[in-house]
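Read through the structure below, which is laid out as structure tokens, and then see the notes.
Computed over heavy atoms, backbone and side chain alike; hydrogens, waters and symmetry mates excluded. The first residue in the sequence is number 1, and the count goes up from there.
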Amino acid sequence: MIEAAMIWNEPNNKSHWDPELDPDWSRFGQCVTLAGQAIKQANPAITRVLGGMSPIDPLWVRRMEGHGALDHVDVVAVHGFPLDWNLWQIQEWPAKVAEIEAVTDKPVWVTEVGVGSFGAEEVQVFGVQKTAELLVGRVPRIFWYSLFDLPQEWGATTRHREAEGSSYYRHFYMGLIRADGTPKPGLDAYAPHAADMGLMQWFHYQDPRLDDAVAWMKRLGVRHLRTGLSWADSFRPDALGWFDRQMEALADFDTTVTFCFTPEHLGPGAHHTSPPHDPQQFADFCAAMIERYAPARVEATPAALQPALT
């Protein structure tokens, strides 16, 4: 079932939101406000999560507060990859969480944390074990990124590959299972923590890995999953058919679904990182997905439970 809806992914990372088109994030703040309102109206029981920030930046949280966006979310989220991309060490995780707790009264979730096997698979084993030690019990939700390696022929979703240099290739080694389907040692390290440390796994349009992912997660005892429904993908042929299949397959997990990615024809940047021309259209997409996959329950009134009098 869907327990939470995340509004965008890494909006302070230029791979996912174009800062040249929205340098002060005011347009993003409007997207959050409208989407948060729409999700609440569709189902007030759904937890609304501000798109996980990467890098972890308390000043950005203050900026979002200034735009009024925090009034329309229930949780603030952070992403961190200290052994791959971030300029801080893995043992700083509790301090990084505390930096955000210091500037908001919202709960803080870690909705992406990962350590790749780009350098050595033993590094990933250490990363899984250390992350669990530092974060399990420290925050309400943790999602390890990811279950599967990204196949190199698919390419990574980033707009600054040239700036990343060799670090770009780390994107393809973040999984606990290799692209050929064989498990890494990190999977065994993760297994004892699967009930407490969920998984974050993107599923691409018509992703052939979906059924294998579900089988692995059930075998591991995973309870919490984070994934995404792409607004851009909603314009592909039979998009709803694919969304229906994906969400039905994931029905047994407590799922945080991420709404993101602007359709090229609906933003000035003609790219998935562009702010939309009309943020209400994004909000409408979020509401439609909640109404389809997590409709609000209509509670029967006491009068409705009484037998009709004759």
Side-chain contact test, heavy atoms from C-beta onward, threshold under 4.5 Å: evaluate it for [X] versus [Y] and give yes or no.
X: Val73; Y: Val32; answer: yes
X: Asp196; Y: Ile142; answer: no
X: Arg297; Y: Asn43; answer: no
X: Phe285; Y: Pro276; answer: no

Charged N to carboxylate O under 4.0 angstrom, [X] versus [Y]?
X: Lys130; Y: Glu133; answer: yes
X: Asp57; Y: Arg63; answer: no
X: Glu121; Y: Arg178; answer: yes
X: Arg138; Y: Glu101; answer: yes
X: Arg209; Y: Asp207; answer: yes

Next on the checklist: Around atom NZ of Lys106, are there more than 12 heavy atoms from other residues, nucleotides or ligands closer than 6.0 Å?
Outcome noted: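 Check passes, neighbour count above 12.
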Next on the checklist: Within this structure, what is the CG-CD distance for the pair Asp71 and Gln37, rounded to the nearest 0.5 Å?
Outcome noted: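 Result: 9.5 Å between the selected atoms.
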Checklist entry - Quick one: CE on Met64 to CH2 on Trp25, what's the gap to the nearest 0.5 Å? => result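 It is 9.5 Å, given to the nearest 0.5 Å.
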Item to check | Side-chain donor-acceptor contact under 3.5 Å, Tyr173 with Asp84 | outcome: no
Checklist entry - Just by distance, with hydrogens left out, do Trp17 and Asp22 show a side-chain donor and acceptor under 3.5 Å apart? => result yes
For residues 250-269, dump all side-chain donor-acceptor pairs below 3.5 Å to protein atoms at least two apart in sequence or in another chain.
from	atom 1	to	atom 2	distance (Å)
Asp252	OD2	Lys218	NZ	2.8
Thr255	OG1	Phe253	O	3.3
Thr258	OG1	Arg226	NE	2.9
Thr258	OG1	Arg226	NH2	3.3
Thr258	OG1	Thr227	O	3.1
Thr262	OG1	Ser274	O	2.6

Checklist entry - For the residue pair Phe282 and Trp8, is the inter-centroid distance of their aromatic rings smaller than 6.0 Å? => result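 Yes, they do, as the ring centres are separated by less than 6.0 Å.
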Checklist outcome for this item: Gln129 meets the side-chain hydrogen bond (donor to acceptor under 3.5 Å, both in side chains) criterion, sequence neighbours left out, with none
Checklist entry - Does Thr131 have any side-chain hydrogen bond (donor to acceptor under 3.5 Å, both in side chains) partners at least two apart in sequence or in another chain, and if so, which? => result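 So Thr131 forms no side-chain hydrogen bond (donor to acceptor under 3.5 Å, both in side chains) with any residue.
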Checklist entry - Could you walk me through whether Met53 and His79 pass the side chain to side chain contact (heavy atoms under 4.5 Å, CB included) check? => result CA-CA 6 Å; Met53 71 191 83; His79 295 177; over 6 Å; no
Item to check | Verdict with supporting geometry, Trp202 and Tyr145, ring-ring contact (aromatic ring centres under 6.0 Å, His included) | outcome: CA-CA 9 Å; Trp202 293 110; Tyr145 177 78; 7.9 Å; no
